[in-house]
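In what follows, chains are A, B, ... by sequence order, proteins preceding strands, each numbered from 1. Everything quoted here is computed from the prediction, not taken from an experiment.
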Amino acid sequence: MGATGLDLLGMYRCMVRIRTFEEHILTEWRAGEVPGEVHLYSGEEAVAAGVIANLRVDDYVVSTHRGHGHVLAKGGDPARMMAEVFGRTGGYCRGKGGTMHMADATLGILGTNGIVGASLPIATGVGLYCQYMATDRVSVCFFGDGASNRGTFHESLDLASIWKLPVIYVCENNYYGMATSVEEHMNINDIAERAASYGIPGVVVDGNDVVAVHDAAAEAIIRARSGGGTTLIECKTWRHHGHFTADPAYYRDPDVHNEHLQRDPIIRCGALLLSQGLATKEALDAVHNEAIAEMNAAVEFSKNSPWPEEDELLVGLYAE
Amino acid sequence: MGATGLDLLGMYRCMVRIRTFEEHILTEWRAGEVPGEVHLYSGEEAVAAGVIANLRVDDYVVSTHRGHGHVLAKGGDPARMMAEVFGRTGGYCRGKGGTMHMADATLGILGTNGIVGASLPIATGVGLYCQYMATDRVSVCFFGDGASNRGTFHESLDLASIWKLPVIYVCENNYYGMATSVEEHMNINDIAERAASYGIPGVVVDGNDVVAVHDAAAEAIIRARSGGGTTLIECKTWRHHGHFTADPAYYRDPDVHNEHLQRDPIIRCGALLLSQGLATKEALDAVHNEAIAEMNAAVEFSKNSPWPEEDELLVGLYAE
Amino acid sequence: MESKMMTFQAAAAEGVAQEMRRDPTVYCAGEEVSAHGQAYGVSGQGVFEEFGEKRVRNTPIIETAIVGHAVGAAAVGLRPVVELMFMDFLGICMDELANQAAKMHYMFAGQYKAPMVLRVSSGAVRPAGAHHSQSLEAWAAHVPGLKIVAPSTAADAKGLMITSIRDDNPVVFIEHRALLSVEGEVPAGDYTVPLGKARVTREGSDVTLVAWSAMVPTCLEAAGELAAEGIDAEVIDLRSLIPLDKEAILSSVAKTGKLVIAHEATRTNGFGAEIAAMVADEGFDLLKSPIRRVTAPDIPVPCSPALLKHFVPNAQKIRAAVITIS
Amino acid sequence: MESKMMTFQAAAAEGVAQEMRRDPTVYCAGEEVSAHGQAYGVSGQGVFEEFGEKRVRNTPIIETAIVGHAVGAAAVGLRPVVELMFMDFLGICMDELANQAAKMHYMFAGQYKAPMVLRVSSGAVRPAGAHHSQSLEAWAAHVPGLKIVAPSTAADAKGLMITSIRDDNPVVFIEHRALLSVEGEVPAGDYTVPLGKARVTREGSDVTLVAWSAMVPTCLEAAGELAAEGIDAEVIDLRSLIPLDKEAILSSVAKTGKLVIAHEATRTNGFGAEIAAMVADEGFDLLKSPIRRVTAPDIPVPCSPALLKHFVPNAQKIRAAVITIS
Ligand SMILES: Cc1ncc(C[n+]2csc(CCOP(=O)(O)OP(=O)(O)O)c2C)c(N)n1
Ligand SMILES: Cc1ncc(C[n+]2csc(CCOP(=O)(O)OP(=O)(O)O)c2C)c(N)n1
Ligand SMILES: [Mg+2]
Ligand SMILES: [Mg+2]
C-alpha cells in the first residue's frame with residue numbers, strides 16, 4: 001500500500017502539531033515555566049501519527065512517560081495537555097497528574113504513565129474488554145525499546161496471545177533507554193523477533209516513515225478488529241532531544257545523531273506530499289503556522305490557568 | 001555422542017535413587033507422616049540426572065518447588081532431605097524450610113523454592129559470581145513450563161544474555177503447570193524457541209532420555225565454562241503423579257498419561273544398559289535394592305529425628 | 001431474611017456468582033480458577049460450571065499480568081474479580097496494585113476508576129513454608145486508594161464480597177485458609193455488608209480485643225477463657241481494615257480503657273501498629289493501660305508444624321497479653 | 001579524625017568506593033550507573049571511572065532481575081550494591097526482596113545469607129508525579145530479615161553506607177533526593193556508623209520529635225521555631241529504622257513525656273505507626289499526652305507544585321502538632 005488513499009496530509013498535520021507542541025514545551029521549560037522534567041516526543045511523530053490514524057474515537061490507547069504524541073494524535077486537546085504539564089487546574093487532571101499521568105477518558109486515552117513497561121498489562125486488559133464486550137474495538141499499547149525487557153512485556157504478550165486479544169503492541173525503538181543503547185540492553189537486533197515467543201506476528205517498520213507505520217498498523221488493526229488477535233510492531237525511530245528536557249544526550253555519537261536527523265519524519269512526509277502533488281508548499285506552511293498558533297494559544301491558556309488550591313489536595317482518592 | 005564414555009550406570013543409579021526417594025515420601029505422606037503437600041519429581045528423573053551428571057561439586061544448582069530430584073542429583077543427603085520434608089531438626093534446615101526450602105550450601109545447592117519462577121534471577125546472579133570471580137564454574141537453573149511465562153524468565157535471560165553469563169536455564173516441560181496445560185498457558189509449542197528473544201542457543205530434548213539430556217547439557221555447560229555464555233534447554237518430560245501429593249490429576253487424559261508412562265526414563269535407561277551390555281540384570285536390581293535400603297534408612301532417620309523446640313523459633317533471622 | 005448453613009468458601013463463591021448473574025461485566029481470572037483447577041484455587045466452586053471460560057478465565061502463572069490486566073479491564077468498563085493463589089505472591093504484582101490500580105482515580109482527577117477485587121488467600125494453616133503462609137495486609141494498608149476487606153464469617157464472606165464487587169475502587173479481599181471450611185448461617189439473595197463497619201462480636205466491659213479474619217475466632221476463644229477468670233472482654237471484628245471503623249474501636253476503648261490488638265501477620269509495622277497509633281493519638285485520654293499487640297514474631301513462617309504452632313498467635317497468648325494489663 | 005566538606009551524594013559514593021577498594025567482591029549494578037548515565041542515577045559519581053564496567057554494571061530496565069540476581073550473587077559470595085532509580089519501583093521487585101533476600105538466612109537455617117545493599121532514592125522533591133516521589137520504607141519494615149537505613153547527613157551517608165555494605169544481611173538504603181546536594185563535614189578514611197543507633201540531633205526537654213532522612217532537618221527547623229515560643233524540643237534522628245533504637249526513643253520520651261513522629265510517607269501504616277505503637281505499649285507510663293504523627297496525607301503524590309507543597313510535611317505542620325499537646 002502506498003500513500004494514495006491515505007489522509008497523508010492529515011498525518012502530516014498530526015506530526016507537525018506534535019512537534020510544535022513539544023518544542024513549545026521545551027521553550028517554556030528553558031524559560032523556567034514548566035515544573036519538573038518532560039520527556040519529549042520530537043522525532044518520533046510518525047509512530048503516533050501513523051498508528052493512530054487507523055483508530056476510531058472508541059478505540060483505546062495506552063501510553064508511556066513519553067506520551068504527548070500519543071495523546072495529541074488520539075485527539076487530545078493541546079491546551080488541556082499543556083496546562084497539565086504546567087500543573088494547572090485547566091489541565092486534564094487538574095494538575096494532579098502532570099506530564100506522565102495525563103488521560104482523556106472520553107477519547108479512550110488511558111494515560112501517559114510513569115512506570116516504564118506499565119502500559120503493557122493495562123493495554124492487555126483493555127483488549128480483553130474489547131473482546132469480552134464483543135466489540136470490534138482495539139487496544140493500542142505504546143512502549144519503548146527499554147520497556148521491552150521488562151517482565152510485563154513477556155507476561156502481557158503471553159496472555160494476549162493465548163486469549164487472542166485485539167491488542168497492538170507498538171514498540172518505539174529509539175535505540176536508547178535513557179543513556180543505555182539497545183546493544184547494551186538486549187542481545188538481539190530486532191525487538192519484533194520476540195513476537196515468535198508468543199506465536200504472534202512481529203513486524204519491523206521504519207518508524208520515521210509515516211506511511212510505512214500506517215500500513216503496518218492498518219494490517220494489524222484490521223486483523224485485530226476481525227478477531228485475528230495480537231500483533232507486535234517495532235518502529236525504529238529516533239528522539240531528537242535528550243531523554244528528558246535536562247539531558248544534553250552527550251552519550252550519543254553526534255555523527256550518528258545527525259544521520260538520524262536527516263530522516264526526520266516530518267520533512268520526509270512533507271517531501272512526499274509535494275512530490276506526489278498531494279499538497280503545495282503553501283499548504284504545508286499553513287499547517288505549520290496553524291500549529292504554531294494553536295500551541296501558542298495552549299501556552300497562553302496554561303499560563304493563565306489557575307494553580308490548584310490546597311482544598312483540592314484531598315479530593316478524589318476514591319471513586320464514590 | 002552416544003551412551004559410550006558416559007557413566008550411564010551412574011545416571012541410572014541417580015534416577016533410581018530419586019524415584020525411590022519420592023515414592024517413599026508418597027507412601028509416608030499417605031500414611032500421614034508428612035506434614036503438608038509435596039511436589040514429587042517421579043517421572044522427570046532424566047532431567048536432573050542427565051544435566052547434573054555434567055556438574056562438579058563447585059558448580060551451582062538453583063531449584064524449584066519440585067526440587068528433590070535436583071538436590072539428590074547434586075549430591076544431597078537423602079536422610080537430611082527427608083528429615084526436612086518431615087519437619088525435623090535432622091533436616092537440612094532443621095525443619096524451618098520444608099520441602100520447598102531445602103538447601104545445601106556445601107554442595108552449591110541454592111535451595112528448592114516456593115515461588116514459581118524465582119529460580120531464574122537467582123541463578124542469573126550466581127552465574128555472575130562464577131564469571132566475576134573468573135572461575136569456570138556454571139550455574140544451572142531449573143524451572144517449569146509454567147514458570148517460563150513469568151516475567152522473571154524474560155528479565156533473567158535478557159540479563160544473562162547481554163552479560164554472557166555461564167548460566168544454563170533448564171526448562172522442565174512436563175506439559176502442565178498444576179492443571180493448566182502448556183497449550184492453555186502459551187501460544188507456541190517449544191519453549192526453547194524463546195531463546196531467540198535473547199540471541200542465545202535454545203535446544204529441545206527428549207527429557208525422558210537421560211543420554212539426550214546429558215549430551216545437550218554437556219554441550220551447553222562446556223560452552224558456558226569456556227566463556228561462551230548462556231543456553232536455554234527445554235526437556236520434554238512427564239510427571240507421574242499429580243501436581244502435588246493430594247492431586248489425583250483427573251484433568252489428564254488417561255490414555256495420554258499411559259502413553260507417557262511408557263517412556264519412563266528409568267525403564268528406558270535400564271533397557272539401554274542391558275542392550276549395550278553395560279550392566280547385567282542383577283546389577284540393575286542391586287541398584288534398586290540399594291536405593292530402597294538407603295531410603296528406608298532416610299525415613300527411619302527422619303522419624304527418629306527430634307522435632308524442633310520452641311526455643312528455635314526465633315533463632316537465625318539475621319546473619320551475624 | 002431466608003438463610004442457610006454454608007462454608008465460608010461457598011458463601012464467598014455465592015457472592016461472586018450472584019454478582020455475575022446480576023452484572024455481565026463481572027468476570028473472574030486467576031490461576032486454576034477453571035473447571036480442572038478448583039482443587040487448588042480458593043474460588044471456582046461451581047462458578048466455572050455456570051459461567052464458563054469466558055467469564056471464569058484461567059491464566060498462566062503471571063501474577064503481574066493478572067493484576068495488571070485487571071486494571072486496564074476495570075478502567076474501561078469490566079469488573080474483574082482476580083485472585084492470587086497465595087497472598088505471599090503480592091510482591092509480584094505490588095507495582096500494578098499500588099502504582100496503577102490504587103492511584104488511577106486520584107491521579108487522573110476522577111476520569112478513570114479501577115473497580116476490581118483482588119482475592120488473596122492468606123495465613124499459615126497447613127505447614128507450607130515461608131512462601132505459602134503469609135498475611136501481608138499491611139503492605140496494602142500503606143497504599144492510599146485501596147480498600148482492604150478481611151471477613152471472619154461465612155455471612156460476611158458473602159455480604160462483603162458483593163459489596164466489594166460493587167465498589168468502584170480496587171479492593172483487596174482476604175480469605176484466610178483456616179476459615180474456608182468454617183460454616184455459618186448465610187442470608188440468601190442480595191445480601192450486602194457495608195465496608196468500614198466493624199461488628200462487636202462479643203460485648204464486654206473490661207478490655208477491647210480488636211481483630212479481623214481468622215484472629216476473630218481466636219479472640220473469641222480468648223474471651224471465653226478470660227470470662228472464666230472474671231475478665232469481660234469485648235471483641236471487635238473489623239471486617240474491613242480500609243476503610244477503618246475508628247468509631248467502633250474508640251467507643252469500645254472509651255468503655256473498657258484497655259486495648260489489645262491481635263493479628264497473624266508479623267509484628268513490626270503490621271496493621272496492628274496503625275490501630276495502636278490511631279488510638280494512642282485520638283483515644284489517648286481513654287486509655288488506662290498500655291496497648292498490647294499479639295502478633296506473629298518477626299520471622300519468616302517456619303515450615304515444621306512443631307514451629308508453626310508457636311508462630312501463629314493463639315488464644316493463650318491473647319489471654320496472657322490481656323492479663324498483663326488487667 | 002580528618003574530615004572534609006562534601007555533599008550527601010558524594011559522601012555515599014565515597015563510602016561505596018572505599019568498600020570497593022577494600023573488598024573486591026563488592027560491585028554495583030543498576031539502571032544508568034555507568035559512565036553515561038550518571039546524570040540520572042543517584043550512584044556513580046566517579047565510581048564508574050575508577051572501577052569500570054566489571055564492577056559498576058549498567059543494567060536494562062529490569063528491577064525484578066536487578067534485585068533477584070543480587071540475591072543469587074550475594075548468596076554465593078559477592079556483595080552487590082544495587083539500586084532502584086526511584087523507590088517508587090519497589091513494588092516491581094518486592095517479591096525478590098521479601099520472599100528471597102529477606103528470608104534466605106532464616107529459612108535455610110543459616111546456610112546462606114544475602115549480604116546486599118539496595119539503594120533507593122526516595123521523596124517528593126521536584127514535581128515528578130505519583131510514580132517518582134514516594135517514600136515506601138514501611139513496606140520493607142514489615143519484612144522480617146531486612147534492615148532499613150535512612151541517613152539524614154552526609155557523614156551518616158558515608159558511615160552508614162560502609163556499615164551497610166559490610167553487613168551480612170540485605171539492607172535497604174534510602175537516599176532522599178532533597179538531601180543529595182546537602183553538604184556536611186565527612187570523616188575521611190574507614191568511617192563507620194553502626195546500624196540501630198539513633199542520634200539525638202538536638203537536645204530538649206519538652207517534647208520528643210522522632211524522624212529520619214529528610215524529615216530530620218525539617219524537625220530541626222520546627223524545633224527552632226518552637227524554641228522561640230519557649231518549647232524545647234528534642235530531635236531524634238533514627239538513622240536506621242530496622243534495627244530500631246527503641247532505647248533512644250523511650251529514654252527521650254521518659255524525659256519529655258511527649259512524642260511527635262514526622263515522616264514524609266503517607267500516613268496509614270507508615271513507619272510512624274510502628275513507633276507510636278511501640279511507645280504506646282512499652283512507654284505508655286511515660287506518656288503525658290497523645291502521640292501525634294505528622295505525615296503526608298493518604299493520597300498519591302500530586303504533581304503540580306501548587307499541591308506538592310501541601311503534601312510534604314513541613315516545619316509549620318510539625319510545630320502545629322506539637323502545639324496541640326503543649
Ligand atoms: C519501572 C521503571 N524503571 C525505570 C524508570 C526510569 N526511566 C524512565 S524512562 C526510562 C527509559 C525508558 O526507555 P524506553 O522504554 O526505551 O523509552 P524511551 O524513553 O526511549 O522513549 C527509565 C529507565 C521508570 N520510570 N520506570
Ligand atoms: C509465583 C507463584 N505463583 C503460583 C504458585 C502456585 N504454584 C505452585 S507450583 C505451580 C505450577 C508450576 O508449574 P510449572 O512451572 O510447570 O512446574 P511443575 O509444577 O509442572 O513442575 C503453581 C501455579 C507459586 N508457587 N508461585
Ligand atoms: Mg527508548
Ligand atoms: Mg510443568
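Chain A forms more heavy-atom pairs under 4.5 Å with one residue of Ala109(C), Gly145(C), Ala75(C) than with any other, namely Gly145(C). Between chain A and the options Pro144(C), Gly68(C), Gly77(C), heavy-atom pairs under 4.5 Å are most frequent for Gly68(C). In terms of heavy-atom pairs under 4.5 angstrom with chain A, the leader among Thr59(C), Asn169(C), Thr25(C), Ile66(C) is Asn169(C). Residue with the most contacts toward chain A among Lys54(C), Arg55(C), Arg57(C), Lys147(C): Arg57(C) (heavy-atom pairs, distance under 4.5 Å). By number of non-hydrogen pairs under 4.5 angstrom with chain C, the leading residue of Val315(A), Ile122(A), Leu120(A) is Ile122(A). Note on His154(A), Glu155(A), Glu320(A): by heavy-atom pairs under 4.5 Å with chain C, the leading option is Glu155(A). The residue among Gly110(C), Ala74(C), Ala73(C) with the most heavy atom pairs within less than 4.5 Å of chain A is Ala73(C).
The environment of Glu50(C) atom CD is dense: over 12 non-hydrogen atoms of other residues, nucleotides or ligands sit within 6.0 angstrom. Counting non-hydrogen atoms of other residues, nucleotides and ligands closer than 6.0 Å to CD of Glu282(C) gives a total above 12. More than 12 heavy atoms of other shown residues, nucleotides or ligands fall within 6.0 angstrom of atom CD in Glu33(A). The neighbour count for Lys303(A) NZ, taken as heavy atoms of other residues, nucleotides or ligands under 6.0 Å away, is above 12.
Contacts between Ile242(C) and chain A at a heavy-atom distance below 4.5 Å involve the side chain alone, from C-beta outward. Heavy atoms of Leu146(C) lying under 4.5 Å from chain A belong exclusively to its backbone. Neither the backbone nor the side chain of Val62(A) has a heavy atom closer than 4.5 Å to any heavy atom of chain C. Contacts of Pro24(C) with chain A are made by backbone atoms alone, with heavy-atom separations under 4.5 Å and no side-chain atom involved.
To the nearest 0.5 Å, atoms OG1 (Thr64(C)) and CZ (Arg150(A)) are separated by 7.5 Å.
Residues of residues 94-103 of chain C lying under 4.5 angstrom from chain A, judged on non-hydrogen atoms, are Asp95(C), Glu96(C), Asn99(C), Gln100(C) by number. Taking 4.5 Å as the heavy-atom cut-off, the residues of residues 84-114 of chain A that approach chain C are Tyr92(A), Cys93(A), Arg94(A), Lys96(A), Gly97(A), His101(A), Met102(A), Ala103(A), Asp104(A), Ala105(A), Gly108(A), Ile109(A), Leu110(A), Gly111(A), Thr112(A), Asn113(A), ordered by number. Contacts of residues 125-136 of chain A with chain C at a heavy-atom distance below 4.5 Å involve Gly125(A), Val126(A), Leu128(A), Tyr129(A), Gln131(A), Tyr132(A), Met133(A), listed in sequence order. Residues of residues 158-165 of chain A having a heavy atom under 4.5 Å from any heavy atom of chain C, listed by number: Asp158(A), Leu159(A), Ile162(A), Trp163(A).
Counting only heavy atoms from C-beta outward, the side chains of Tyr318(A) and Lys113(C) never approach each other to under 4.5 Å.
Ala65(C) and Pro121(A) make their closest contact through CA-CB, 4.4 Å (heavy atoms, listed as atom of the first residue, atom of the second, distance).
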